[in-house]
> 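This structure is in structure tokens; I'll ask about it shortly.
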Amino acid sequence: MKVSEYFIFSLKEAPKDAESKSHFILTKGGYIKKLASGIYDFTPLGFKVLKKIEDVIREEMIRINCYEVRLPIMTPSELWKETGRWDVYGKELIRFKDRNEREFCLAPTHEEIITDLVRFFVNSWRNLPFSLFQIGPKFRDEARPRFGIIRAREFIMKDAYSFDRDEEEAENTYWKFYRAYERIFERLNIDVIPVEAAVGAIGGKFSHEFIFLTDYGEDKVMECEKCHFISKKEIASFFVDVDKLMGELMREAQNQNKAPKKKVHTPATTTVEKLAEFLNIPTSKIIKSFFIKTQRGNYALCLVRGDRQVSEDKLAQYIGENFELADESEVKSIFGAGKGFIGPLRYRGRIIVDRTVLYCKDGVAGADEDDFHYINVVPMRDFPVKEIADISLAEEGDICPKCKSGNLREKKGLELGHVFYLGTKYSEPMELTYTDKDKTKKYVVMGCYGIGVSRVLASLVEKFGDERGVAFPPEIAPFKVHIIPVNIKDEIIAETTFKIYSEIKDVSLLDDRDDISPGEKFADCDLWGAPIKIVVGKLLKDKGKIEIINRLTGERKEVEAEKVKEEVEKYLNAKNE
RNA sequence: CGGGGCAUAGCUCAGGGGCGAGAGCGUUGGCCUUGGGAGCCAAAGGUCGCCGGUUCAAAUCCGGCUGCCCCGACCA
């Protein structure tokens, strides 16, 4: 491709609001242009990279017998009402009406749509299993679009859906996709870490996110600084030596000299902070109690150390269902006190004790009486410790649950892919069934698998970009070679340049503009992403040589014009094997 | 959704009740130059976001709206 014949441009001044590296480079290099908040045009250059990424994904999907479809983005509300998501999705769903006042939305994801397609076709066990995918736009009216295409309102996603006959078959399919994802990201040269994701109680059995570590991520992850184990912060575990702590507590509980619990007046200490300040003790001495009501209507009292935060995801996972905090009147009628003053000392129902509470050897807990707490509270002595669970958020400095020695550090990550075992979450409400060999009707077992394609592009720029521009790895670079004739008006340079270009035309971008300075050409070369830079200039005049620079490694070679094609091929083949 | 900010040329921005509304970059024409966005000459290019108000007079002051940006909340 010749620059003079292409639609390609760059900006001298990138907009100041470009916050992340990828936003800056992609805008400055003319890959994308903002149309509205969180909505972007892709230019031929940007679209070219996007398609390379899509091609890698497409190949790997086809490799696992996943078939490509094209689903509408304008979708009728009826389908969303079948699963209840019309109401569950809030303002993020872009809704509108057609001329007949029928409600529609722009699809943010396609579970309902694909399930509708599939139920039209599937009747028998003979039709199963199979999986389908598509690559296309998704619409989510994000409250705050950010970092260019990292968090956009319209973005490109690959979404796949699997349909199996039973759980076992579906699990196998899940892991098949999981492995395909590993291959995809490896081929894309992007380092992702598969981490278990929160599924809540409704999601099903498994879910993994493929996380790319970057400051522009929106997910918090905990990483062990020693063994580099990574987990999402919401569900990250951390090491607590429960046996040792229980042994210590046991001795404390039996120690006759230990001060007995004592009721003290603590007026208006409705929060942990106020209580700690009032008693002049660290928050870590307080045993925080909160009372929950589960989806099935059961109650439980949960205890967490005062300086710790409960993880709603971990707690939901632990009890196996969703829950909410019991309301004030329920708490009052069961404990006889308001929320800030309840404790485990008299409660006879289910008590879930977070492991961090085991550190409290003379703690403070609510007295079940407004404006009163007990001090010198010893777990096991003063209340039963039967159910020990891991329900608090991991924090910086906690011990890694895997190697049990390194410290956890909080980092930011960006979700590039997500695999989800759905079970019958959609097939049940939407009546996607088949008749099995035994003539009984069964629900199809589903999974869904997404990759944020445009977000992968941004991540690649985050990884391979610098202040001046970006050099993509050959497999995804828009052009593999960027040819710069320093002065194309010079006949010798022009002749040599066009000769080289004719030999490697298919993979090259030739900057044949004759009206701009060399500096401008070099600047654009930095921006336009080719991993190989070929310069035809004074070296040709002086020594008859061409300069080849590998922008990814910085390696520089001087070769004769006749050898350029060979050199380029050598490099590309080495990278591709 | 809460808090804050911005809106003037294609881009980045200056100006601040009245005078022909400005700069740099970009664009067009001419010249010069060719190893890191170089230089000279000339020209084109504006609903000063929209609606209303105050005023003899509004791009400028006031109010509303819209859009965009930032912080936070939210983000199967």
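Throughout, protein chains are lettered first and strands after them, A, B, ... in sequence-line order, and every chain is numbered starting at 1. Small disclaimer: the values here were computed from a predicted structure and weren't measured.
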> Output one line per pair: protein atom, nucleotide atom from nucleotides 28-31 of chain B, and distance, for all N/O pairs under 3.5 Å.
none

> Please report the distance separating the P of B:rC48 from the corresponding atom of B:rU60, rounded so that it comes out in whole Å.
10 Å
> Just wondering, are more than 12 heavy atoms of other shown residues or ligands nearer than 6.0 Å to NZ in A:Lys505?
no
> Out of A:Ile451, A:Ile149, A:Ile156, which residue meets the side-chain contact (heavy atoms from CB on, under 4.5 Å) rule with A:Val456?
A:Ile451
> Record whether the side chain of A:Lys28 comes under 3.5 Å of the base of B:rG37 through a donor-acceptor pair of N or O atoms.
yes
> Taking NZ from A:Lys91 and C1' from B:rA76, how many angstroms apart are they, rounded to a whole number?
20 Å
> Using a cut-off of strictly less than 4.0 Å between a heavy atom of the residue and any atom of RNA chain B, enumerate the qualifying residues of residues 4-13 of chain A by number.
A:Ser10, A:Leu11, A:Lys12, A:Glu13
> Would you find more than 12 non-hydrogen atoms of other residues, nucleotides or ligands less than 6.0 Å from A:Phe7 atom CZ?
no
> Taking atom types as they are modelled, would you say the side chain of A:Lys533 forms a donor-acceptor pair with the base of B:rG36 within the 3.5 Å cutoff?
yes
> Write down the distance between CD (A:Glu112) and C1' (B:rA76), rounded to a whole number of angstrom.
10 Å
> Roughly how many Å apart are B:rU27 and B:rC11, using the C1' atom of each and rounding to a whole number?
12 Å
> Got a sec: does the CD of A:Glu495 have more than 12 other heavy atoms crowding it under 6.0 Å?
no
> Hey, are A:Glu567 and A:Lys545 close enough for a salt bridge, meaning a charged N less than 4.0 Å from a carboxylate O?
no
> Mind checking if A:Leu539 touches a base, just sugar-phosphate, or nothing, with heavy atoms under 4.0 Å?
base
> Is there a donor-acceptor pair under 3.5 Å between the side chain of A:Thr294 and the backbone N or O of A:Phe323?
no
> Is it true that atom NZ of A:Lys48 has more than 12 heavy atoms of other residues, nucleotides or ligands lying nearer than 6.0 Å?
yes
> Could you tell me whether A:Asp511 and A:Arg513 make a salt bridge, using a distance below 4.0 angstrom between a side-chain N and a carboxylate O?
yes
> Scan A:Val88 against the nucleic acid and name what it touches under 4.0 Å (heavy atoms): base, sugar-phosphate only, or nothing.
nothing
> Can you name the one residue among A:Glu111, A:Glu428, A:Glu112 that meets side-chain hydrogen bond (donor to acceptor under 3.5 Å, both in side chains) with A:Thr83?
A:Glu112
> May I have the distance from A:Asp542 (atom CG) to B:rG35 (atom P), rounded to whole angstrom?
11 Å
> Describe the nucleic acid contact of A:Arg513 in one word from base, sugar-phosphate, nothing, applying a heavy-atom distance below 4.0 Å.
nothing
> List the steps and the verdict of side-chain contact (heavy atoms from CB on, under 4.5 Å) for A:Val49 and A:Phe42.
CA-CA 10 Å; A:Val49 193; A:Phe42 283 82; over 6 Å; no
> Between atom CG in A:Asp511 and atom P in B:rG37, what is the gap in whole Å?
15 Å
> Output side-chain donor-acceptor pairs under 3.5 Å for residues 525-540 of chain A, partner residues at least two apart or in another chain, one line each.
from: A:Asp526; atom 1: OD2; to: A:Arg468; atom 2: NE; distance (Å): 3.1
from: A:Trp528; atom 1: NE1; to: A:Gly29; atom 2: O; distance (Å): 3.1

> When Watson-Crick pairs (N1 to N3 and N6-O4 or O6-N4) and G-U wobble pairs (N1-O2 and O6-N3) count only below 3.5 Å on both distances, what is the dot-bracket string of RNA chain B, with | for other-strand pairs?
(((((((..((((....[...)))).(((((.......))))).....(((((..]....))))))))))))....
> Establish whether the base of B:rG36 is bridged to the side chain of A:Arg468 by a donor-acceptor pair shorter than 3.5 Å.
yes
> Does the structure place the NZ or CZ of A:Lys480 under 6.0 Å from the centre of the six-membered ring of A:Tyr571, at an angle of no more than 45° from the ring's axis?
no
> Take atom NZ of A:Lys81 as the centre, draw a 6.0 Å sphere, and report whether it contains more than 12 heavy atoms from other residues, nucleotides or ligands.
yes
> Please figure out whether A:Pro518 or A:Tyr89 has its closest RNA chain B nucleotide nearer the 5' end.
A:Pro518
> Rounded to the Å, how far apart are A:Met446 CE and B:rA76 C1'?
13 Å
> Under a 4.0 Å N-O cut-off, is there an ion pair linking A:Glu396 with A:Arg409?
yes
> Could you measure between the two P atoms, the one in B:rC41 and the one in B:rC25, and give it in whole Å?
11 Å
> Roughly how many Å apart are B:rG35 and B:rG30, using the C1' atom of each and rounding to a whole number?
27 Å
> Describe the nucleic acid contact of A:Asp490 in one word from base, sugar-phosphate, nothing, applying a heavy-atom distance below 4.0 Å.
nothing
> Where along nucleotides 67-75 of chain B does protein come under 4.0 Å, by heavy atom, of base (B) or sugar-phosphate alone (S), with - for untouched nucleotides?
-SSSBBBBB
> Does A:Lys521 or A:Leu527 map to a spot on RNA chain B nearer the 5' end, using the closest nucleotide for each?
A:Lys521
> Using atom CD of A:Glu520 as one end and atom P of B:rG36 as the other, report the distance to the nearest whole Å.
13 Å
> Pairs under 3.5 angstrom, nitrogen or oxygen only, protein versus nucleotides 39-46 of chain B, please.
none

> For B:rU33 versus B:rG15, give the span between their P atoms, rounded off to a whole number of Å.
40 Å
> Is it true that atom OH of A:Tyr443 has more than 12 heavy atoms of other residues, nucleotides or ligands lying nearer than 6.0 Å?
yes
> What is the distance, rounded to the nearest whole Å, between atom CG of A:Asp219 and atom C1' of B:rA76?
13 Å
> For B:rU34, take OP1 and OP2 only and decide whether either is under 4.0 Å from a side-chain N or O of A:Lys489.
no
> For the pair A:Arg556 and A:Glu558, find out whether any cationic side-chain nitrogen is under 4.0 Å from an anionic carboxylate oxygen.
yes
> Closer than 4.0 angstrom, basic N to acidic O: yes or no for A:Glu60 and A:Lys158?
no
> Taking A:Glu218 as the fixed residue, which of A:Lys233, A:Arg146, A:Lys412, A:Arg455 is the one that meets the salt bridge (Lys or Arg N to Asp or Glu O under 4.0 Å) rule?
A:Arg455
> Determine the Euclidean distance between corresponding C1' atoms of B:rA44 and B:rA38; express it in Å to zero decimal places.
24 Å
> Can we call the ring centroids of A:Phe206 and A:His208 under 6.0 Å apart?
no
> In whole Å, what separates the P atom of B:rG10 from that of B:rG46?
7 Å
> Say you pick atom C1' in B:rC69 and the same atom in B:rC19; how far apart are they, in whole Å?
35 Å
> What's A:Glu415 touching, base or sugar-phosphate or nothing? Going by heavy atoms closer than 4.0 Å.
nothing
> Once you round it to whole Å, what is the distance between P of B:rC25 and CD1 of A:Ile516?
17 Å
